Student: 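So that we are looking at the same thing, I have put the structure below in structure tokens.
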Amino acid sequence: TNANFTGNNATNDLSFPLDTKSETRGGAIAIDGNRSKIYNATFSKNTAVGNPRLSYGGAIAIEGNNTELNNTDFEFNQAIKGGAIYYKGTLNDILETEFRNNSAIQGGALYIDKSDATFGKSRFYNNSATHELRFTNSFNNTPTMGGAINIPGNGINVYESEFINNTAYDINETGGLGGAIAVNGSDDTTKNSTFENNQAIKGGAFYLNGDKTRIIDSNFTDNRAIQG
């Protein structure tokens, strides 16, 4: 509670060659466990750098259940997956939290890799899925998706949240999916949310590639895409 985390870095490339089998997780915090709570904190300019398939959560990487984040700010964090947060677990909740200017190749702010997570009354501004990251090896063959959130998981609920000026662009034709949200899972719901001025190659606000995705009572204004 009431903590600040600035300029932390998780890397497997400190003084030895890149180990393509090692994970780098959570530039500021890595959580392997259940029932963690983070309230009234700020995470700024944290990074997770390493293998493109194993570098998670610029600020926080969570592999556990029943995690709660409330009234917390994330800005200018970067990773390969989940610029601010990487989630792998169930029954994880984020409430009244703001994500600004975070970036990753997949999931500029959030990467959600399992199921049953809820995000409510939160704000996502100027986040990006991009290859243009601060660290040297940007893994250009990995497709970009989810300017704010990338969801390969199931049972994800987003409500009463704002997505403004998020982007997903790619130097390759295979990426740039979902300026605000990219969904590759099933049974995911977005309700009572606002999407404005988001941009992508495919799906200016949303890219949907899953089953039973529901978008309810939400507003879409001035979102743009080259395709769809």
Side-chain angles (χ1 to χ4, degrees), residues 58 69-78 81-87 92-113 115-130 132 143-170 174-228:
L69 274 79
N70 199 315
N71 195 31
T72 294
D73 291 336
F74 295 85
E75 60 178 359
F76 296 106
N77 302 287
Q78 290 192 352
K81 294 183 178 181
I85 302 174
Y86 171 88
Y87 267 119
N92 295 308
D93 295 333
I94 292 178
L95 297 174
E96 297 181 345
T97 289
E98 188 163 306
F99 299 85
R100 300 183 304 274
N101 300 299
N102 302 285
S103 54
I105 293 178
Q106 297 182 347
L110 297 172
Y111 188 101
I112 306 165
D113 197 20
S115 62
D116 298 322
T118 298
F119 307 97
K121 300 180 179 179
S122 295
R123 297 161 298 282
F124 298 81
Y125 303 148
N126 302 310
N127 302 287
S128 60
T130 177
E132 296 180 1
T144 59
M145 57 184 67
I149 305 177
N150 186 36
I151 305 174
N154 305 318
I156 310 304
N157 297 296
V158 179
Y159 70 93
E160 295 178 21
S161 294
E162 293 182 350
F163 297 82
I164 299 175
N165 295 330
N166 303 287
T167 60
Y169 283 117
D170 202 312
T174 57
L177 310 177
I181 299 176
V183 178
N184 290 285
S186 301
D187 199 27
D188 300 314
T189 302
T190 298
K191 187 175 181 179
N192 295 328
S193 294
T194 298
F195 297 82
E196 183 176 337
N197 290 323
N198 302 288
Q199 299 182 43
I201 294 175
K202 296 181 181 180
F206 259 89
Y207 173 79
L208 305 178
N209 187 30
D211 300 322
K212 298 181 181 178
T213 299
R214 294 173 292 273
I215 302 172
I216 303 169
D217 295 331
S218 295
N219 296 316
F220 295 80
T221 305
D222 294 329
N223 302 285
R224 294 179 293 279
I226 296 173
Q227 302 176 34

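In this text, all values refer to a predicted model and were calculated from it rather than measured experimentally. One-based numbering along the sequence shown.
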Student: For A200 and G179, which heavy atoms make the closest approach, and how far apart are they?
Tutor: CB-N, 3.3 Å
Student: Would L95 and K121 satisfy side-chain contact (heavy atoms from CB on, under 4.5 Å), going step by step from the backbone distance to the final call?
Tutor: CA-CA 6 Å; L95 297 174; K121 300 180 179 179; 5.8 Å; no
Student: Between atom CG of L177 and atom CG of D170, what is the distance when rounded to the nearest 0.5 Å?
Tutor: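 CG of D170 is found 7.5 Å from CG of L177.
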Student: Would you call E162-R123 a salt bridge at under 4.0 Å N-O?
Tutor: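 Between R123 and E162 there is no salt bridge, as every charged N stays at least 4.0 Å from the carboxylate O atoms.
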Student: Under the side chain to side chain donor-acceptor pair (under 3.5 Å) test, which residues partner E96, sequence neighbours left out?
Tutor: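 With sequence neighbours excluded, E96 shows a side chain to side chain donor-acceptor pair (under 3.5 Å) to no residue whatsoever.
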Student: For Y111, give me all partners under ring-ring contact (aromatic ring centres under 6.0 Å, His included), at least two apart in sequence or on another chain.
Tutor: Y86
Student: Does any part of the side chain of L69, heavy atoms only, come nearer than 4.5 Å to the side chain of I85, both counted from C-beta?
Tutor: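 Yes, side chains in contact.
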Student: Applying the side-chain contact (heavy atoms from CB on, under 4.5 Å) test to V158, which of I215, T190, D188, N192 qualifies?
Tutor: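 Only one of I215, T190, D188, N192 forms a side-chain contact (heavy atoms from CB on, under 4.5 Å) with V158, namely T190.
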Student: What's the separation between atom OG in S193 and atom CD1 in I216, rounded to the nearest 0.5 Å?
Tutor: 10.5 Å
Student: Does A104 have any side-chain contact (heavy atoms from CB on, under 4.5 Å) partners at least two apart in sequence or in another chain, and if so, which?
Tutor: none
Student: T97: which residues meet the side-chain contact (heavy atoms from CB on, under 4.5 Å) condition with it, sequence neighbours left out?
Tutor: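 Testing T97 for side-chain contact (heavy atoms from CB on, under 4.5 Å), a comparison that skips the adjacent residues, returns T72, F74, I94, F99, S122.
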Student: Mind listing the closest non-hydrogen atom pair of A129 and I105 along with its distance?
Tutor: CB-O, 3.6 Å
Student: Would F124 and L110 count as a side-chain contact (heavy atoms from CB on, under 4.5 Å) if you check the C-alpha gap in whole Å, the side-chain angles of each, and the deciding distance to 0.1 Å?
Tutor: CA-CA 10 Å; F124 298 81; L110 297 172; 3.8 Å; yes
Student: Would you check if the side chain of N198 reaches a backbone N or O of N223 as a donor-acceptor pair within less than 3.5 Å?
Tutor: no
Student: Which atoms form the tightest heavy-atom contact between A225 and G203, and what is the distance?
Tutor: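 Scanning both residues, the minimum pair turns out to be CB-N, 3.7 Å.
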Student: State the NZ-CG distance between K202 and L208, to the nearest 0.5 angstrom.
Tutor: 13.5 Å
Student: Looking only at non-hydrogen atoms, find the nearest pair between G120 and S161 and report the distance.
Tutor: C-OG, 3.9 Å
Student: What residues form a side-chain contact (heavy atoms from CB on, under 4.5 Å) with S186, not counting sequence neighbours?
Tutor: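 If we apply the side-chain contact (heavy atoms from CB on, under 4.5 Å) test to S186, skipping adjacent residues, the hits are N154, D211.
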Student: Distance from D113 atom CG to I151 atom CD1, nearest 0.5 Å?
Tutor: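 Rounded to the nearest 0.5 Å, the CG-CD1 separation comes out at 11.5 Å.
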Student: Checking side-chain contact (heavy atoms from CB on, under 4.5 Å) for the pair N165/Y125: CA distance, chi angles, key distance, verdict?
Tutor: CA-CA 6 Å; N165 295 330; Y125 303 148; over 6 Å; no
Student: What pair of heavy atoms forms the shortest contact from P143 to Q106, and how long is it?
Tutor: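 Scanning both residues, the minimum pair turns out to be O-NE2, 3.0 Å.
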Student: What residues form a side chain to side chain donor-acceptor pair (under 3.5 Å) with N184, not counting sequence neighbours?
Tutor: N209
Student: Tell me, please, which residues at least two apart from E75 pass salt bridge (Lys or Arg N to Asp or Glu O under 4.0 Å).
Tutor: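 Partners of E75 by the salt bridge (Lys or Arg N to Asp or Glu O under 4.0 Å) criterion, ordered by chain and then number, come out as R100.
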Student: Can you sort out the partners of D222 under side-chain contact (heavy atoms from CB on, under 4.5 Å), two or more places apart, ordered by chain and number?
Tutor: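 Here the qualifying residues are N197, R224.
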Student: For the backbone of G176 and the side chain of T144, can you confirm whether one donor and one acceptor N or O come within less than 3.5 Å of each other?
Tutor: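 Here the side-chain-to-backbone pair exists.
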Student: Name the one of N101, T167, N166 that satisfies side-chain hydrogen bond (donor to acceptor under 3.5 Å, both in side chains) with N127?
Tutor: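 With N127 as partner, N101, T167, N166 yield a single side-chain hydrogen bond (donor to acceptor under 3.5 Å, both in side chains), made by N166.
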Student: Which residues pass the side chain to side chain donor-acceptor pair (under 3.5 Å) test with Y159, not counting sequence neighbours?
Tutor: none
Student: List the steps, then state whether side-chain contact (heavy atoms from CB on, under 4.5 Å) holds for K212 with T189.
Tutor: CA-CA 8 Å; K212 298 181 181 178; T189 302; over 6 Å; no
Student: Checking D73 now: which residues fulfil side chain to side chain donor-acceptor pair (under 3.5 Å) with it, not counting sequence neighbours?
Tutor: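 Partners of D73 under the side chain to side chain donor-acceptor pair (under 3.5 Å) test: none.
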Student: Holding to ring-ring contact (aromatic ring centres under 6.0 Å, His included), I want the full list of residues that pass it with F195, two or more places apart in sequence or in another chain.
Tutor: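 For F195, the residues satisfying ring-ring contact (aromatic ring centres under 6.0 Å, His included) (neighbours in sequence not counted) are F163, F206, F220.
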Student: Can you name the nearest heavy-atom pair linking N102 to A109, along with the distance?
Tutor: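 Distance-wise, the nearest heavy atoms are CB-CA, 4.2 Å.
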